[in-house]
Every structure is written in structure tokens, then in C-alpha cells.
Participant: 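Sharing a structure here in C-alpha cells format.
Convention: sequence-line order gives letters A, B, ...; per-chain numbering from 1. These values consider heavy atoms only, across backbone and side chains, with no hydrogens, waters or symmetry-generated copies.
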Number of protein chains: 2
Amino acid sequence: MSESKIKNMAEFASVSGISRPTISKYFNDPSSVRATIRTRIEAALEEHDYRPNIYAMNQNRRLTKNIGIVVPYLSDPFFAEIARNIEQRCIAAGFWPTLFSSHGSRDLECNILDSLRSLKPAGVLFAPLGRASDRSVIEKFCKDVPTVLFDSDLEGIGAAFVGSDNFSFVAQSVEYLVRSGAPPCFFEMRTPANPNANKRRKAYISIMERLGFEPDVIKVDGEGWAFEDIGYRGAMRVLSEDTLASDTVLCSNDRLAIGFLAAAFEKGIRVGREPDSALRVAAHDDHPFSRFTCPSLTTVAHDYEAVSNRSVETLFELIEGGGRLTSRTEKLFEARLILRASA
Amino acid sequence: MSESKIKNMAEFASVSGISRPTISKYFNDPSSVRATIRTRIEAALEEHDYRPNIYAMNQNRRLTKNIGIVVPYLSDPFFAEIARNIEQRCIAAGFWPTLFSSHGSRDLECNILDSLRSLKPAGVLFAPLGRASDRSVIEKFCKDVPTVLFDSDLEGIGAAFVGSDNFSFVAQSVEYLVRSGAPPCFFEMRTPANPNANKRRKAYISIMERLGFEPDVIKVDGEGWAFEDIGYRGAMRVLSEDTLASDTVLCSNDRLAIGFLAAAFEKGIRVGREPDSALRVAAHDDHPFSRFTCPSLTTVAHDYEAVSNRSVETLFELIEGGGRLTSRTEKLFEARLILRASA
DNA sequence: ATAAAATATTGACGCGCGTTAAAATTTTTT
DNA sequence: AAAAAATTTTAACGCGCGTCAATATTTTAT
């Protein structure tokens, strides 16, 4: 490798013996130049390790190759995993993804959208906070920037939504629990942060009624995103007061269940599907940690792969379509029951 | 708010009645213009919501306001929390942080550094993979870009290192365990990904010897970053074969312990510090989930706040010093014992 | 009020690259 | 081998902003 530092495209053009516009074309799309030229450029690249200045590149292009990924809470490994998956796919497609987390804060979510705007991204994959989101700010953003919502839907906002079918989650868990024991009560936060929680509650009620059982929704107090803690405190109270009408508890999500199981353990209450257990606990999401709860958590899994795949594909279609799709599509993927020891 | 869209700084200068160079100065540092001018600019900003083009801004500036944050594995909530903390501090200081995760991959780590280079960041906060890192690539990167390492040290690389004192972790856990029961064996991965693990093992051995006990290191197989699973499998084997020489197990880190506790539970082995328990388990890190293990995990906590604070402060000094510090500093913060139910 | 210091304005250039039109070259077709 | 098609080269402009020097204006000190 030559020691001379190349500082701009013109210089690189002259050392490689190829004209600057052609070099420029190459960097925008290597397949747009003839193979002979391409190999010559790539040989020169080996020699001199020049890289175009991304700021100059993006300054006039109407569309950058940037993609924004926004999740509500990155400390939740569930979102970290989804983000990672999406990120990889964007990179593979030649985009430059940037990851943002709203950290559960409405203001931060707005600020992120603001920053994102000045990044002039080709598109954005956005999992909103939900209830805490500033709907009007997001709506305005989505009008200006091609955006696909995922995980959590804001009706009518964004060019498309990709997520999991909450009804399918609850159908599978409730039907399994009923089939294998007593009908479950439903354990959730009083004011859930996320619209999925509301859909799950509604699904629970409707499925229970369809099966001819009385729905029993237990709402526990707590704000924010410390779900494990909220589940733990709620369970401690419920278990102490011994107000549980059913020996089967279906938690709205795994993180609540993690807290619930910790409380049950502390109370010395045996959880599981063996005859000598006092309680069965199941939940939804198949959180990365739910394999390691005690007992391991019976849950219903998202089709992670499918959701992240489809989100990215939809965004690419949107980008190729110049930021518009014929109509707003909503794709919901089926969930899959994961039988473990807790129920 | 006026409906006319302002498309560049010259236009904004004319509508606000202030010259373009002054506007430019304002955006680079609002305090560098007179108060009267500042309020006039800010009034105009309210009126017209203009924002400078970040690409044009960064193209000629020798130093951008970007800061890169690189962590080895974002799906680990420990790193997610640290990253979030650091991110907030950078924003508060007027920088533009961008978060990257190596996802445990050597190649990805190199690619990230490569991308980071073209972002021309003012500085980088970097927690390397450790053993899997490509030392020479990182060394080269750190020569070009002002970088502070945190969490995991690569000796001699980067302008400074900020982390936790592994000796202090192990001193506290071992001394507590010895004081309150039998001396612990040490449970770890055979080939740890992270230099901290090696330091902890060495500390364990030296502290045990100092206290007059025979060190007993149990190494379990497994590669990668699925620590819980590795801990689980290792514990299943150890507990099945009943080869544990001590009734007290000190895990190298909490994530291994989470797997260990899951295995113990599955085996029906009672863990805790009560007299009727068969085993005590403790670990290090105070992982966000260790409050919710069964039983809750006795561990030793990082001083998160201090580490992220100092990392950021050190980077700011480095940036203000033009990318050079007088000498490479290594700051290690003390750890704090967290007594819970498992030991 | 006047002088000195600080700050703002005017006018202009440069950064590195995208992009375009016309001319030159290469490749493909016939 | 000649004509047609595709690609590259040459030359030049523009993007939005940083920055600088000379000048004008405002603020502070005397």
C-alpha cells in the first residue's frame, strides 16, 4: 500500500487513471460501471485506501443511504435483538443504519425524530413508545420521512406497520392453558405503555368468553419500563393477599412474568405444571431471558425473523417507490407457543 | 410559524436580518455571539424553524461534534445501560453520539471502526470485545482518532482507560463468602471473551492464597456471548456429576450465575444463605436482571455512574487537549457488595 | 464625549462531491 | 469492417456552509 494519502476523489481519479465522474458512479453503485473499470478501481482502492467523504457525498444527494432505526427501550434485550437483526439486513443491502433508543421517554423520542430529520435518511424503521408517544409529532415526521412502524402500531401513521398478531399470542396461550388445566387469569399493568398490551387484554377477554369462561383481569400499579419490578411488586401483593381466583396466571408479557416468578419463589410458592405445583404461570414474547427463569417460562414467541425481515423489506419497497406505497399495509405475524416448565 | 420553507443559511440570514457568518458562528457556539444578536436569532428560529444542513456543516470542519460509542454486545442490558448513560452525557454536552454494537463479532468491530473513521468523530468511547478484538486494527484506529477505552482494557491502546477494579470485585465477594461460610470455588468460562474475566480469576487465586485457602477454579466449555446458556450447561454438568468441592460457588459474572441458578433450580438444589440451603452462589457485575433471579443474586456492583461519568469526562479532556493527553491514564473504580438471597 | 476594544457585516473563496452536456472512446451488433 | 449502442471522459457548475480579510458598527472603558 502506497504511503501517499489521497485526500479527495479527484486525486484518487488521477492515481487510478479513471475519470472522476466514473469514480463517483462507482461509489454510488459499483455495478453501474463496466467490469474492466470496476476491477481497475478496486485495484487502485487496494493500493491507496481512499474513501469518499461521506459529508460531501450526502450533501447534494436528494436521498442518502442512511436508515434510522428507533426502538423504545434498548435496555430491553428483546428490542436489542430486533434492532441487531434489522441493522444487519440494512448493512447487507448497502445502507448505513443508525440506532436510536427513546429510553422510554416521550421527549427523547421527539428529539430523535428531530435529529433523524436532519440526517435526511432514505427511510426509518420506527418502534414507537406507544401511549407515551407524541402522536402529532410522529404524524408530522412520517409525512416528511418514509417510515415503517414496527412492533407497536399507531393507527394510520407511517407508510406501513409490521408486527406480531396479539390475538394469535393470546389465543395460543389461553387455549393451551385451558386445555391443560384451569382457565387463566390475566396479569398486567394498570396503564400499559404499549398498545400491544391493550390488544392482548382484549384478546384474552374475547377468547375466554368464547370458551365460556369468566375473564379475570388483574391490574397492578406501576409506571414506566421497569416491567420486572412492576411484576414483582404486583405479584408480591397479590400473593400476599391471596386474592388469586385461579391457579393459572397469564402475564401480559415475559418481563412481568420474570418479576412474578421471582415473587412466587420468594413466597415459597411452587410454580410449574407438575401436580405438586401450586401455580402455573405463562406469558408472551419469548424474551431472551425467559429460558432462564425458575422455572423456565412457558410463553408464546414472536416470529422475530419474520417481523424484522418484513419490516426491512417493506421499507426497501417504500424507498424504491419514492417514499410512497399504494396504501398503508398492516402485516401481523402469527406467534408460536413455547412450552417450558412454568405452565 | 411562517409557511415559507427556508432552504439554506443565506436565506435564513436574510429573513432574520443578521449576516450569514454571524449565523454560522451562532450555530457553532451560541455563546460566541452577543446576547442581543442571540435573542434575535432565536426569535427568527421560532418563526421559521430552519436547521443547518449537517452534511455541509461537517464537510469542512476539521472536527465534527460527533462522538462514537462502541460496545461489544448491546443485547446485554449491562452494556445497554452504560451506553444509555454515556449517550445522555454526550448530548448534554452538545455532542452528537452514535451508538454501535460489535455484537460479539471481530469483523463487525473492525467494520465499525472503519465506519467511524469516515464519520470524523471528535472522539470515541470504546468498549472492545477483548480477546476477540483485532489488536492491530484497534491500535491503528486509536492513533488516528481520539479514543477512550472503557470496561475492557487493551493495554497500551487508546488515550485512557476507565473501568472497574476487578481485584476489588473479587476481594469483596471472596472475603464476604469466607466470612459467612465456606471458601468459594470459582466458576468461569474456559476461554473468557473478556480480559476482566482473567483478572478476576487471578484475583480470586491470589486472595484465596492470601487467606490460606486452596483456590479451586472450575472452567466450563462454551464460546461466544451466550453466557447464561454456557453457565446453565456448565452447571448442569457439574451438578450432575456432583464434582463440586465446595458448597459455595463464585461465578465470574452475573450472566453465568443466571444460568447456574437456572440449572440448580432445575436440579432441585436449594440455593441461598439459609441453613437448609445446599449451595451458595454469588457473582460479579450487578446485572440488571440479577435482582430477579431465584433466589435473588448476591453480587458485586460496578459503580456504573462513576465509570460512565469518568469515561465521558476523560474523552472531553482529550478532545479539548486536541486529541492528546499528557500520558495514558487508567482509572479503576471500586466495586460495592450487594447482599441478596443467594449467598 | 472620546478612544479603545469587541463584535458584526460585506464580499469572496474553498471544501469534496453530485450531476450534467457534449465529445471521445469502447463495446456490441450486423 | 462498419454502424449502432453503451460507456467513459472532459469541462464545468452548484450544493450549503466554514472561514477569512477588510470594513463598519456597536459596546465598553477612560
Participant: Please report, rounded to the nearest Å, how far the P atom of dC15(C) is from the CG atom of Asn8(B).
Facilitator: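 Atom CG in Asn8(B) sits about 21 Å away from atom P in dC15(C).
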Participant: Does Ser24(B) make a side-chain N or O approach to OP1 or OP2 of dG18(D) shorter than 4.0 Å?
Facilitator: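 Looking at the OP1 and OP2 atoms of dG18(D), one of them is under 4.0 Å from a side-chain N or O of Ser24(B).
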Participant: Consider the side chain of Pro21(B), meaning its heavy atoms from C-beta on, and name the nucleotide among dT10(C), dC17(D), dT10(D) that approaches it most closely.
Facilitator: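 Of the candidates, dT10(C) comes closest.
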Participant: If you assign each of Arg34(B) and Asn53(A) to its closest nucleotide in DNA chain C, which residue comes earlier from the 5' end?
Facilitator: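 In this pair, the answer is Arg34(B).
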Participant: Calculate the interatomic distance between Lys120(B) atom NZ and dC15(C) atom P; express it in whole Å.
Facilitator: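 Atom NZ in Lys120(B) sits about 14 Å away from atom P in dC15(C).
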Participant: Classify the ring geometry between Trp225(A) and Tyr73(A) as parallel (under 30°), tilted (30 to 60°) or perpendicular (over 60°).
Facilitator: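 Because their plane-to-plane angle is under 30°, the rings of Trp225(A) and Tyr73(A) count as parallel.
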Participant: Going by modelled atom types, is there a donor-acceptor pair between the base of dG18(D) and the side chain of Gln59(B) at under 3.5 Å?
Facilitator: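 No.
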Participant: Closest-nucleotide mapping onto DNA chain D: is Arg20(A) or Ala35(A) further toward the 5' terminus? I mean the 5' end.
Facilitator: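 Closest to the 5' end, via its nearest nucleotide, is Ala35(A).
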Participant: Atom CE of Met57(A) to atom C1' of dG16(C): distance rounded to whole Å?
Facilitator: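 About 11 Å, once rounded to whole Å.
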Participant: Which is true for Tyr50(A) with a 4.0 Å heavy-atom rule: it touches a base, it touches only sugar-phosphate, or it touches nothing?
Facilitator: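 Sugar-phosphate only.
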Participant: I need the CG-C1' distance between Asp29(B) and dG18(D), as an integer number of Å.
Facilitator: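 Spelled out: CG on Asp29(B) to C1' on dG18(D) is 15 Å.
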Participant: In whole Å, what is the span from the CZ atom of Arg61(B) to the C1' atom of dC20(D)?
Facilitator: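 Rounding to the nearest Å, CZ of Arg61(B) and C1' of dC20(D) are 17 Å apart.
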Participant: Quick one: is Tyr55(B) getting a side-chain N or O under 4.0 Å of the dG18(C) phosphate, OP1 or OP2?
Facilitator: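 No.
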Participant: Flag the pair Phe141(A) / Phe126(A) as yes when their ring centroid distance falls below 6.0 Å, and as no otherwise.
Facilitator: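 Between Phe141(A) and Phe126(A), the centre distance exceeds or equals 6.0 Å.
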Participant: In whole angstroms, how far is the P atom of dC17(C) from the NZ atom of Lys25(A)?
Facilitator: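 Going from NZ in Lys25(A) over to P in dC17(C) covers 18 Å.
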Participant: In whole angstrom, what separates Ile23(B)'s CD1 from dT9(C)'s P?
Facilitator: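 Whole-Å distance recorded here is 8 Å.
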Participant: Consider side-chain contact (heavy atoms from CB on, under 4.5 Å). Of Asn309(B), Leu125(B), Leu325(B), Ile319(B), which one does Thr314(B) pass it with?
Facilitator: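 Of the listed options, the one satisfying the test is Leu325(B).
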Participant: Within the structure, does a side-chain N or O atom of Tyr26(A) lie under 4.0 Å from either OP1 or OP2 of dC17(C)?
Facilitator: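 Looking at the OP1 and OP2 atoms of dC17(C), neither is under 4.0 Å from any side-chain N or O of Tyr26(A).
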Participant: From CZ of Arg40(A) over to P of dT26(C), roughly how many Å is that when rounded to an integer?
Facilitator: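 Arg40(A) atom CZ is separated from dT26(C) atom P by 10 Å.
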Participant: Can a side chain N or O of Asn60(A) be found less than 4.0 Å away from OP1 or OP2 on dG18(C)?
Facilitator: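 The answer is no; no side-chain N or O of Asn60(A) sits under 4.0 Å from OP1 or OP2.
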Participant: Please state whether the phosphate of dT9(C), meaning OP1 or OP2, lies under 4.0 angstrom from any side-chain nitrogen or oxygen of Thr22(B).
Facilitator: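 Answer yes for this pair, as a side-chain N or O of Thr22(B) is under 4.0 Å from OP1 or OP2.
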Participant: Take Ile91(B) and Trp96(B) through the test side chain to side chain contact (heavy atoms under 4.5 Å, CB included) and record every step on the way to the result.
Facilitator: CA-CA 6 Å; Ile91(B) 292 174; Trp96(B) 180 304; over 6 Å; no
Participant: Taking the six-membered ring for Trp and the single ring otherwise, decide whether the centroids of Tyr304(B) and Phe78(B) are under 6.0 Å apart.
Facilitator: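 Yes; Phe78(B) has its ring centre under 6.0 Å from that of Tyr304(B).
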Participant: Is Asn28(B) near enough to dG18(D) that one of its side-chain N or O atoms lies under 4.0 angstrom from OP1 or OP2?
Facilitator: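 Result: yes.
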